[in-house]
Amino acid sequence: QVQLVESGGGLAQAGGSLRLSCAASGSIISIGVVRWYRQAPGRQREFLALITNGGTTNYADSVKGRFTISRDNAKNTVFLQMNSLKPEDTGMYYCNADISTYPEYRGYWGQGTQVTVSS
């Protein structure tokens, strides 16, 4: 019933920006921590950022100062603003959200959105 859908990926030039969205829908009671990850071909999935339901954020060193995670609780949506993009930011970007749906509370994954940064 619960779905997470990422959007906003695409092609950007080095130094450019993209804004990703992760929208949750379904029989949601509440959304806790939401995380963003990325995975490049041949690489392990990498943690990027998280945001708690209270708005506390944490970032991986590789994106700190360039990426900003935020959320709109009324719209059940989390964003990842990506600035100063580098070619090494290329990969599939996924959101992961801890969601309460009676009687469960567990993590959900979206299907991902591709980000490609050209040099």
Side-chain angles (χ1 to χ4, degrees):
Q1 186 69 270
V2 172
Q3 291 183 307
L4 287 181
V5 179
E6 299 98 334
S7 62
L11 179 65
Q13 295 182 346
S17 298
L18 288 171
R19 191 192 195 204
L20 307 183
S21 298
C22 174
S25 62
S27 301
I28 298 169
I29 297 175
S30 63
I31 302 176
V33 176
V34 180
R35 307 165 184 86
W36 282 97
Y37 294 80
R38 70 185 176 198
Q39 189 168 26
R43 309 282 288 272
Q44 65 179 310
R45 188 165 295 188
E46 176 188 16
F47 166 80
L48 299 176
L50 68 81
I51 185 167
T52 70
N53 59 350
T56 300
T57 60
N58 191 27
Y59 299 91
D61 288 340
S62 61
V63 305
K64 191 173 298 182
R66 299 189 299 122
F67 292 9
T68 302
I69 189 171
S70 62
R71 64 194 293 164
D72 184 338
N73 290 329
K75 297 182 178 180
N76 288 337
T77 302
V78 171
F79 306 96
L80 186 68
Q81 178 67 45
M82 306 187 298
N83 299 325
S84 302
L85 285 165
K86 305 174 181 179
E88 50 262 46
D89 293 321
T90 294
M92 187 72 72
Y93 283 66
Y94 301 89
C95 67
N96 169 261
D98 296 336
I99 299 177
S100 176
T101 65
Y102 181 83
E104 297 180 319
Y105 185 82
R106 69 173 183 87
Y108 292 81
W109 288 90
Q111 293 185 350
T113 184
Q114 178 68 36
V115 171
T116 302
V117 183
S118 64
S119 60

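Values below: all heavy atoms of this structure, side chains included; hydrogens, waters and symmetry mates excluded.
- In this structure, Arg43 places its CZ atom where only 12 or fewer heavy-atom neighbours from other residues, nucleotides or ligands lie under 6.0 Å away.
- A side-chain contact (heavy atoms from CB on, under 4.5 Å) with Phe47 is found for one member of Trp36, Tyr59, Tyr37 and no other, namely Tyr37.
- The minimum heavy-atom distance between Thr90 and Gln114, with the atom names listed, is CG2-NE2, 4.1 Å.
- Here the straight-line distance linking atom CD1 of Ile31 with atom OG1 of Thr101 works out to 11.0 Å at 0.5 Å rounding.
- To the nearest 0.5 Å, atom OG of residue Ser7 and atom CG of residue Leu20 are 8.0 Å apart.
- The list of salt bridge (charged side-chain N to carboxylate O under 4.0 Å, His left out) pairs with a residue in residues 27-41, not counting sequence neighbours, reads Arg35-Asp98, Arg38-Glu46, Arg38-Asp89.
- Taking a 6.0 Å sphere around CD of Glu88, one finds it holds more than 12 heavy atoms contributed by other residues, nucleotides or ligands.
- The number of heavy-atom neighbours closer than 6.0 Å to CD of Gln13, taken from other residues, nucleotides and ligands shown, is 12 or below.
- Residues satisfying the ring-ring contact (aromatic ring centres under 6.0 Å, His included) test with Tyr105, not counting sequence neighbours, are none.
- Val34 pairs in a side-chain contact (heavy atoms from CB on, under 4.5 Å) with only one of the listed residues (Asn53, Asn96, Val78), which is Val78.
- Between Glu6 and Tyr94 the shortest heavy-atom distance is OE2-CA, 3.3 Å.
- Listed here is the closest heavy atom pair of Ser21 and Thr77: CB-CG2, 4.3 Å.
- The CD atom of Gln81 lies 12.0 Å from the CD1 atom of Ile69; values are rounded to the nearest 0.5 Å.
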